[in-house]
Amino acid sequence: MSVRFVIDSLDFVRNAGIHHGRIPVLELARLHDLLFDREGEVTYQITGYFDKNNKPTLHLEIKGEIHLSCQRCLDKLIHIIDLQNDLHLARNEVELDQNDEEDTSDAIMACNDLDVTDLIEEEIILGLAIACCHPEGECTMQYHDSTSSLTDTSQSAHPFALLASLKKH
Ligand SMILES: [Zn+2]
């Protein structure tokens with residue numbers, strides 16, 4: 001396990017902090033249920049700054065490639081991560097509520113032991129589509145369509161895929 005990177009979020013902004021690192025997919029435990037395998041890693045950069053309204057803000061950039069399981073055929077689905085997000089730091093509940101009303105950027109509570117790995121993991125999960133499937137035509141499991149002659153052959157190629165997806169429910 002690599003050492004987790006923990007920051008005092010407001011201090012990080014005051015010091016115009018900048019940090020980049022890599023996280024093996026193996027260590028992103030909350031993602032594992034969605035994954036086909038645990039290969040690869042994500043790279044990230046976190047920057048602290050005050051935005052134009054002088055709000056303390058964390059800017060995140062996350063890049064990488066993860067292998068999801070297609071929700072239709074359960075085969076490998078390559079997902080490219082290329083995320084950028086600004087998170088305002090709220091010093092209390094009032095600021096947090098105000099931000100939700102006034103600002104399009106998300107806000108999180110400022111804290112003195114913010115686990116950056118957790119934050120990255122959270123952003124990746126939020127960035128995933130709810131149902132992750134291969135695009136039409138690239139999936140080995142076709143939609144049920146009586147007019148398609150491909151249906152029978154593609155289904156027999158993955159006899160257990162449908163069963164496995166039923167078991168999940
Ligand atoms: Zn698929």
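The figures that follow rest on heavy atoms only: side chains count, while hydrogens, waters and symmetry mates do not. All residue numbers in this chain count up from 1 along the given sequence. Each ligand, and each atom within it, is numbered from 1 in the order the structure gives.
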- Cys133 near the Zn ion (ligand 1): N/O/S under 2.8 Å: no
- Message: Checking the side chain of His134 only, and the main-chain atoms of Lys76 only, is there a donor and an acceptor separated by less than 3.5 Å?
- Response: yes
- Hydrophobic cluster membership, Ile18 vs Leu114, 4.5 Å side-chain cutoff: no
- Check all N, O or S atoms of His134 and name the one closest to the Zn ion (ligand 1). ND1
- Message: Applying salt bridge (charged side-chain N to carboxylate O under 4.0 Å, His left out) to Glu122 and Arg30, what does each step give before you reach the verdict?
- Response: CA-CA 9 Å; Glu122 183 94 19; Arg30 282 193 290 158; 3.3 Å; yes
- Message: With rounding to 10 degrees, what does the angle Cys139:SG / the Zn ion (ligand 1) / Cys73:SG come to?
- Response: 110°
- Query: Under 6.0 Å between ring centres, would you say that holds for Tyr44 and His20?
  - Reply: no
